[in-house]
Chemist: 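Here you go, one structure.
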Amino acid sequence: MLEAWAEFVRQLDPDILTGYNINNFDFPYLLDRAKYLKLKNFARLGRIKDIITVVKEIIQQTKFGKRKFKNINIEGRVQYDMHVVIKRDFKLRSYTLNNVSNEIMGEQKEDVHYSIITDLQNGDDQTRRRLAVYCLKDAELPLKLLDHVKSLTNDIEMARVTGVPLSSLLNKGEQVKVVAQLLRHAQSAGYFIPVHEYGPTTDQYEGATVLEPKTGYYKDPIATLDFSSLYPSIMIAHNLCYTTLLKPNEVNNFNLGKDEITITPSGNHFVKASVRKGLLPQILEQLLSARKKAKAMLKDETDSVYKAVLNGRQLALKISANSVYGFTGAQVGKLPCLEISGSVTAYGREMIELTRNLVEQEYSIEKGYASNAEVIYGDTDSVMVNFKAKDLETSMKLGKEAAEAISKKFISPIKLEFEKVYWPYLLINKKRYAGLYYTGTDKYDKMDCKGIETVRRDNCTLVVDVINTCLRKLLIEKDENGTVAYVQQTISDLLQNNVDISQLVITKELTKNDGDYTAKQAHVELAKKLAKRDPGNAPKLGDRIPYVIICGAKNTPAFQKVEDPIYVLENNIPIDVSYYLENQLSKPLLRILGPVLGDKVESIILRGEHTLTRTKVTSKVGA
DNA sequence: AGTAAAACCTAA
DNA sequence: TAAGTTAGGTTTTACT
Ligand SMILES: Nc1ccn([C@H]2C[C@H](O)[C@@H](COP(=O)(O)OP(=O)(O)OP(=O)(O)O)O2)c(=O)n1
């Protein structure tokens, strides 16, 4: 069967091979079996006749733990692993093929644990049928996924724009793209790129400003002004590049006039484009123009699937452009230049400050406006403005006007844009807010949440659902009593064990190898337990581990009360519902409801009658 | 009991 | 060519 499959591959002669986790599992497994069975021709999978496909397992011992990865050579064919694509392009709580297919396409397969495969094969027609269906589905779903997310189209575009092979887009980072573009532009301009020796890394340099938020619940419309592609546009406007930098000792070497040199807010010198146009600005112009095209197509597209594809393309190009800046600040990278990255962020800090001041000075009673505009928050390249307008139209009009006026203060292509109005707007903290997002005056586009629990993957879905529902009730329905009643009912349900366990599953990523952790973590402890129970399915670095917190003696730390949700179901283990109330639900609820409902919230939510009936449990773990 | 540090994830 | 960047909130563990 294996030989026939390999022959099938050779006859079909595909450019691209896909599957789910093929690089880490399927190919190594198949090649291993073929070797064990002494199959002569199986490993001839590539397009070069005499090159045999082998698995190279590379283990690098670094100061910061082990780095393990497998490399499989299949000449002339791209290994386009959908597991890698999905992890890169979608932010999900779980990346099992089953969950991914379900979330993205609404399709599921029956899971068959590997331990029963032999039994199914040795059973009867029915069990073999079950196995066959499972295998077919396993092969079919990755293809359907590829067809659905259309990542190949975007990746081919990205490969063309940045000049890297397709496979690099899956197996490598942003740096290769920047280097490839630099090489391309350097060659045609007649430069060599120096080889950079890795030196000692200094401290992080200073980044962007986050304005102190004036927290609270705003019933007035809040206009948002935002510099488009801030860092790339700074680099283009001021011609920041390796090739335009004047080191302090070079400033006087070239007989340059004052008007031919830019001094950045961080005190670095660069020549203007009139003297010599930088490479980085050229690269950025190309990336931004590709992004602009993608955005234009997105605007005209009506099909929701294609919209998502184009949005993905636009986003990937934006990250690549921002990574050109990031590359210059990457001290463990191929060509760091902190003069560039430090100048970029310094310009950014100056710009957000100036923007805030201009808005507040110009849109004031003193200048003839109805009220004093107030910048209530801003992050890096945006300001949230309370023009104190009572309606959307006025807020939008003032926002557009301000964006246009302030843009004129900056060099092209720097541009401040009016993006949207939040109405109402709940500002909880830096990087934490929610609001109804309006781009037009008739209906809100969506409820937008930043940083709060509804967009985070490290809490249980009960918290997500409750916070989401509360926000809807408050921001959309404006029903404060209904919100309180809903929260009380939910807490009562939780305490009486009426919440489904699937809503209580928390997932966290395994970010280090065991042994590199200095503090015990619930999901890490569970991962170790799972590895013991089922070594064949041991969680690996980068996997997300789902867990629930079960009952234990008082003061038992969470990492000792952690258990596999399936194990809990199978063994009827009691869940620690008060953990979910006290450690998962209560604080997020107070943060959301506090600004809207006032100080009374805590007593209403956490100490009302609805908290009195609790289901008693008997079995316990821990001390 | 109070606080520093670790860990995670997100905004930009 | 191994690895874009910094800022920041929140929860949990470890330590005093
Ligand atoms: N992954 C990211 C995102 C952002 N930034 C930096 C560079 C950006 O210029 C700035 C502002 O980020 P935004 O998310 O607001 O995005 P842009 O301004 O780049 O693009 P847009 O045109 O969508 O506003 O923050 C970054 O370095 N890396």
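Within every chain, numbering begins at 1; the chains are lettered A, B, ... in the order of the sequence lines, protein sequences first and strands thereafter. Predicted, not measured: the structure shown is a model, and the values here were computed from it.
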Chemist: Starting at atom CG of A:N429, determine the distance to atom C1' of C:dT10, rounded to an integer number of angstrom.
Modeler: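 Between C1' of C:dT10 and CG of A:N429: 10 Å.
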Chemist: Would you classify A:Y231 as touching base, sugar-phosphate or nothing, given that sugar-phosphate means primed atoms plus P, OP1 and OP2, and contacts are heavy atoms under 4.0 Å?
Modeler: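 No contact.
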Chemist: For A:Y198 and C:dA2, what is the distance between atoms OH and P respectively, to the nearest whole Å?
Modeler: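 That distance rounds to 7 Å.
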Chemist: With a 4.0 Å cut-off on N to O distance, would you call A:K430 and A:D379 a salt bridge?
Modeler: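 The answer is no: the pair does not qualify as a salt bridge.
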Chemist: So which nucleotide from B:dA11, B:dC8, C:dG4 ends up closest to the side chain of A:Y325?
Modeler: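 Comparing B:dA11, B:dC8, C:dG4 against the side chain of A:Y325, the answer is C:dG4.
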Chemist: Give one of base, sugar-phosphate or nothing for A:S323, where a contact means two heavy atoms less than 4.0 Å apart.
Modeler: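 Base: the residue A:S323, judged by heavy atoms under 4.0 Å, touches a nucleobase.
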Chemist: Does a salt bridge link A:R456 with A:E453, judged by any charged N lying under 4.0 Å from a carboxylate O?
Modeler: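 Salt bridge flag = no for A:E453 with A:R456.
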Chemist: Counting the atoms with a prime plus P, OP1 and OP2 as sugar-phosphate, which does A:T518 contact under 4.0 Å by heavy atoms, base, sugar-phosphate, or nothing?
Modeler: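 Answer is sugar-phosphate: A:T518 comes under 4.0 Å of backbone atoms only.
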Chemist: Regarding A:Y579, tell me which of base, sugar-phosphate or nothing describes its non-hydrogen contacts under 4.0 Å with the strands shown.
Modeler: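 Touches sugar-phosphate only.
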Chemist: When we call it a touch if two heavy atoms are under 4.0 Å apart, what does A:V179 touch: a base, just sugar-phosphate, or nothing?
Modeler: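 Base: the residue A:V179, judged by heavy atoms under 4.0 Å, touches a nucleobase.
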Chemist: Closest to the A:R432 side chain: C:dG9, C:dA14, B:dC9?
Modeler: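 Shortest atom-to-atom distance from the side chain points to C:dG9.
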Chemist: In terms of the nearest nucleotide of DNA chain C, which residue is placed more toward the 5' end: A:R591 or A:T345?
Modeler: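 Nearest-nucleotide comparison on DNA chain C picks A:T345.
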Chemist: With respect to the side chain of A:K508, which nucleotide from C:dG4, C:dA14, B:dC9 is positioned closest?
Modeler: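 My answer, after comparing the listed nucleotides, is B:dC9.
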Chemist: Using a cut-off of 4.0 Å on non-hydrogen atoms, how would the nucleic acid contact of A:R544 be classed: base, sugar-phosphate, or nothing?
Modeler: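 Counting heavy atoms under 4.0 Å across all strands, the contact made by A:R544 is with sugar-phosphate only.
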Chemist: Which part of the nucleic acid does A:K587 contact within heavy-atom distance under 4.0 Å: base, sugar-phosphate only, or nothing?
Modeler: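 Answer is sugar-phosphate: A:K587 comes under 4.0 Å of backbone atoms only.
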Chemist: Base, sugar-phosphate or nothing for A:N322? Non-hydrogen atoms, less than 4.0 Å.
Modeler: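 Base, at least one base heavy atom under 4.0 Å.
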Chemist: Any idea which of C:dT5, B:dA7, B:dC8 is nearest the A:A330 side chain?
Modeler: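 Minimum distance to the A:A330 side chain belongs to C:dT5.
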Chemist: Taking the minimum atom-to-atom distance to the side chain of A:A558, which one of B:dC8, C:dA7, C:dT12 wins?
Modeler: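 Minimum distance to the A:A558 side chain belongs to C:dT12.
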Chemist: Indicate, with a heavy-atom threshold strictly under 4.0 Å, whether A:K430 touches base, sugar-phosphate, or nothing.
Modeler: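 Counting heavy atoms under 4.0 Å across all strands, the contact made by A:K430 is with sugar-phosphate only.
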Chemist: For a quick test of reading the model, state the closest non-hydrogen atom pair linking A:M384 to A:Y433 and the distance between them.
Modeler: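 Minimum heavy-atom contact is CE-OH, 3.7 Å.
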Chemist: Please pick, from C:dG4, B:dA6, C:dA3, the nucleotide with the shortest atom-to-atom distance to any side-chain atom of A:A519.
Modeler: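 It is B:dA6.
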Chemist: Give a yes or no on this: more than 12 heavy atoms of other residues, nucleotides or ligands lie within 6.0 Å of atom CD of A:E582.
Modeler: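 Result for CD/A:E582: enclosed.
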Chemist: Just how far, in rounded Å, is C1' of B:dA11 from CG of A:L211?
Modeler: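 Those two atoms, CG and C1', are 14 Å apart.
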Chemist: Do other residues, nucleotides or ligands put more than 12 heavy atoms under 6.0 Å from A:F192 CZ?
Modeler: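 At most 12 heavy atoms, drawn from other residues, nucleotides or ligands, come within 6.0 Å of this atom.
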Chemist: What does A:Y433 touch in the nucleic acid at a heavy-atom separation under 4.0 angstrom: a base, only the sugar-phosphate, or nothing?
Modeler: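 Since only primed, P, OP1 and OP2 atoms lie under 4.0 Å of A:Y433, the category is sugar-phosphate.
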Chemist: What's A:V332 touching, base or sugar-phosphate or nothing? Going by heavy atoms closer than 4.0 Å.
Modeler: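 Base: the residue A:V332, judged by heavy atoms under 4.0 Å, touches a nucleobase.
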Chemist: Base, sugar-phosphate, or nothing for A:H196, non-hydrogen atoms under 4.0 angstrom?
Modeler: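 Counting heavy atoms under 4.0 Å across all strands, no contact is made by A:H196.
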Chemist: Between C:dG8, C:dT13, C:dT11, spot the one nearest the side chain of A:P557, thanks.
Modeler: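 So the nucleotide nearest the side chain must be C:dT13.
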Chemist: Tell me what A:G207 touches on the nucleic acid: a base, only sugar-phosphate, or nothing, going by heavy atoms under 4.0 Å.
Modeler: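 Sugar-phosphate, backbone atoms only, no base.
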Chemist: Picking from C:dA7, B:dC8, B:dA12, which would you name as closest to the side chain of A:K450?
Modeler: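 Output: B:dA12.
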Chemist: Out of C:dT11, B:dA7, B:dT10, which nucleotide sits closest to the side chain of A:P588?
Modeler: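 The closest nucleotide is C:dT11.
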Chemist: By the 4.0 Å heavy-atom rule, please label A:K91 as base, sugar-phosphate, or nothing.
Modeler: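 Sugar-phosphate contact only.
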Chemist: Is A:D155 paired with A:R88 through a side-chain N to carboxylate O contact shorter than 4.0 Å?
Modeler: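 Yes, this pair counts.
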